[in-house]
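Notes follow once the structure below has been shown.
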Amino acid sequence: MNVVGGMRSLLDTALDRALDLAIVPGYTSVGYRLRQTAWGEDPPPDALRGQTALVTGANRGIGKAIAAGLARLGATVLLTVRDREAGERAREEIIADQPQFQPADVLVEVCDVANLDAVRAFAADLTGRVRTLDLLIHNAGVLPATRTETDDGHEITLATHVLGPVLLTERLLPILAKSSDPRVILMSSGGMYTQSLPADDPEYLGGRYSGATAYARTKRLQVALTPILARRWANQHISVYSMHPGWADTPGVATSLPGFRVLTRPALRTPEEGADTALWLAATRPAPPSGGFWHDRRPRPEHYLPLTRYSDRDRERVWRYCAGAIGIENP
Ligand SMILES: NC(=O)c1ccc[n+]([C@@H]2O[C@H](COP(=O)([O-])OP(=O)(O)OC[C@H]3O[C@@H](n4cnc5c(N)ncnc54)[C@H](OP(=O)(O)O)[C@@H]3O)[C@@H](O)[C@H]2O)c1
């Protein structure tokens, strides 16, 4: 690298870090556009040709944008939703937007990822129908107003963001392992930076319940478990990433955070901008190192605040709790 190139890279790195620390500009479309200027080439248009990708929560928002982006890169995409009609509507919209898509490029699958029995049944069915799964994107997310438990008795954000995704991946290992370059992505949130690991109370049984806190704690859990899952699935050559999309204007934000949306709307990212890093992690070659947390195409620190730090013992403890909850016998 020459001197000018070196200076430029130093400036890019300094700007990138400043955007991360300043949060508001970094998480909005301002950060996206500034960082975009330093990115190299995008993955080529046929980067995922011949691959099969599954995206949960793909009927709207960022998940729908990820699904459309994967199909644009040539993948066959399984839009995995809990309401078939909503999935079919999203599928029609994605196909109508891109005349080059064939109907078989985008398919609808039904699974409520918070329901562990539904996840087991779905995975058993899918492994009998699909030979190889190359990409598994756990995008489904929820920010509840009140504490809710699933039929299995788990707090809903824990079930949706952690238990369901880990169980689904475990059960899909046979078809993921057939891919030459399988990748699993957990869609976390920058909100996780505000919370530590709920190692003593993963089900949020104690204290006054706040949906936003439950959301941020379980998004933290996704990030904390990523290195453990990366080691666990390394035998199948699976790369595992967690990431956050910044702040994107989606139906979920409009419903769950209306005040935040009013304040930030002009600067919010589009769902497509929120989807960018997931698409990049899915399609860039070679696969980035497994086990880390990403945002805007770069690895990011697990912590900014000293108060959120935790020990490896606590990380292991909460992993054992989750593994037990979904019936993994050898965590
Ligand atoms: N938008 C942001 O600024 C932002 C910021 C940080 C992180 N994120 C994360 O990015 C992801 C997508 O966010 P978004 O803003 O696009 O959210 P959204 O508009 O609320 O969409 C969430 C999607 O998840 C689905 N979903 C929820 N629970 C599910 C379940 N049990 N089983 C299957 N699907 C389920 C929803 O399906 P239904 O339509 O059936 O409800 C919907 O398709 C989430 O994980 C979110 O936490 C978003």
Side-chain angles (χ1 to χ4, degrees), residues 23-24 26-29 31-32 54-68 78-91 93 108-119 122 137-145 148-152 154-165 167-168 185-194 211-212 214-223 242-258 260-261 263-265 267-278 293-296 300:
I23 298 181
V24 175
Y27 286 22
T28 59
S29 60
Y32 180 83
L54 187 160
V55 188
T56 66
N59 54 293
R60 63 180 203 216
I62 294 171
K64 185 177 165 208
I66 294 173
L78 310 179
L79 300 183
T80 304
V81 300
R82 53 183 170 180
D83 173 36
R84 180 171 288 282
E85 268 182 36
E88 292 295 350
R89 270 198 306 277
R91 173 175 180 266
E93 287 162 12
V108 176
E109 300 286 349
V110 178
C111 179
D112 177 341
V113 299
N115 179 324
L116 302 182
D117 282 342
V119 170
F122 170 63
I137 303 184
H138 296 293
N139 165 81
V142 65
L143 197 166
T148 316
E149 285 190 0
T150 62
D151 291 348
D152 311 287
H154 297 296
E155 190 277 324
I156 187 97
T157 65
L158 181 69
T160 309
H161 301 151
V162 181
L163 303 181
L167 179 61
L168 184 58
I185 299 171
L186 291 154
M187 182 62 78
S188 180
S189 162
M192 73 96 198
Y193 278 124
T194 64
Y215 173 88
R217 283 184 184 175
T218 51
K219 293 289 181 181
R220 161 67 74 186
L221 248 167
Q222 292 181 315
V223 176
S242 49
M243 60 156 286
H244 85 86
W247 293 332
D249 192 7
T250 63
V253 166
T255 315
S256 306
L257 302 168
F260 168 80
R261 182 169 180 253
L263 286 175
T264 54
R265 193 163 177 204
L268 288 178
R269 296 180 178 205
T270 63
E272 288 69 28
E273 289 169 347
D276 176 83
T277 293
F293 178 53
W294 292 74
H295 172 58
D296 282 349
R300 302 289 165 183

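First listed ligand is number 1; within each ligand, the first listed atom is number 1. Computed from a predicted structure; not experimentally measured.
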Hey, is [X] touching ligand 1 through its side chain, its backbone, both or neither, going by heavy atoms under 4.0 Å?
X      : value
Cys111 : backbone
Lys219 : side chain
Ala86  : neither
Val113 : both

So do the side chains of [X] and [Y] get within less than 4.5 Å of each other, counting heavy atoms only?
X      : Y      : result
Phe260 : Leu268 : yes
Leu186 : Pro165 : yes
Phe122 : Thr80  : yes
Asp151 : Asn115 : yes
Thr157 : Leu143 : no
Leu116 : His154 : yes
Ser29  : Thr270 : no
Pro245 : Met187 : yes

Is ligand 1 less than 4.0 angstrom away from at least one heavy atom of [X]?
X      : result
Asp112 : yes
Ala248 : yes
Pro271 : no
Gly246 : yes
Asn139 : yes
Val253 : yes
Met187 : yes

| task | Show your working on salt bridge (Lys or Arg N to Asp or Glu O under 4.0 Å) between Glu93 and Arg89 and close with a plain yes or no. | result | CA-CA 6 Å; Glu93 287 162 12; Arg89 270 198 306 277; 5.5 Å; no
Got the closest protein heavy atom to [atom], with its distance?
atom                    : result
atom 20 (O) of ligand 1 : Arg60 NH2, 2.8 Å
atom 47 (O) of ligand 1 : Tyr215 OH, 2.6 Å
atom 16 (O) of ligand 1 : Ile62 N, 2.8 Å
atom 34 (N) of ligand 1 : Ala140 CB, 3.6 Å
atom 19 (O) of ligand 1 : Gly252 N, 2.8 Å
atom 40 (O) of ligand 1 : Arg82 NE, 3.0 Å
atom 15 (O) of ligand 1 : Thr250 OG1, 2.5 Å
atom 37 (O) of ligand 1 : Asn59 OD1, 3.5 Å

What distance do [X] atom [atom1] and [Y] atom [atom2] have between them, rounded to the nearest 0.5 Å?
X      : Y      : atom1 : atom2 : answer
Arg261 : Thr250 : CZ    : OG1   : 8.5 Å
Arg265 : Thr28  : CZ    : OG1   : 15.0 Å
Trp247 : Leu257 : CH2   : CG    : 10.5 Å

| note | Between Leu79 and the options Glu88, Arg91, Lys64, the side-chain contact (heavy atoms from CB on, under 4.5 Å) test singles out Arg91
| task | Indicate yes or no: does an N/O atom of Gly61 lie under 3.5 Å from an N/O atom of ligand 1? | result | no
| query | Taking both backbone and side-chain atoms of Thr160, is any N or O found less than 3.5 Å from an N or O belonging to ligand 1? | reply | no
| Neighbour count >12 (heavy atoms, 6.0 Å) for atom CG, Asp83 | yes
| said: Which option wins on minimum heavy-atom distance to atom 27 (C) of ligand 1: Ala118, Gly141, Pro144, Gly57? | reply: Gly141
Contact atoms of ligand 1, heavy-atom distance to [X] under 4.0 Å:
X      : answer
Pro245 : 4 (C), 5 (C), 6 (C), 7 (C), 8 (N), 48 (C)
Trp247 : 3 (O)
Ala114 : 31 (N)

| query | Under the 3.5 angstrom rule, does the side chain of Gln222 hit a backbone N or O of His161 as a donor-acceptor pair? | reply | yes
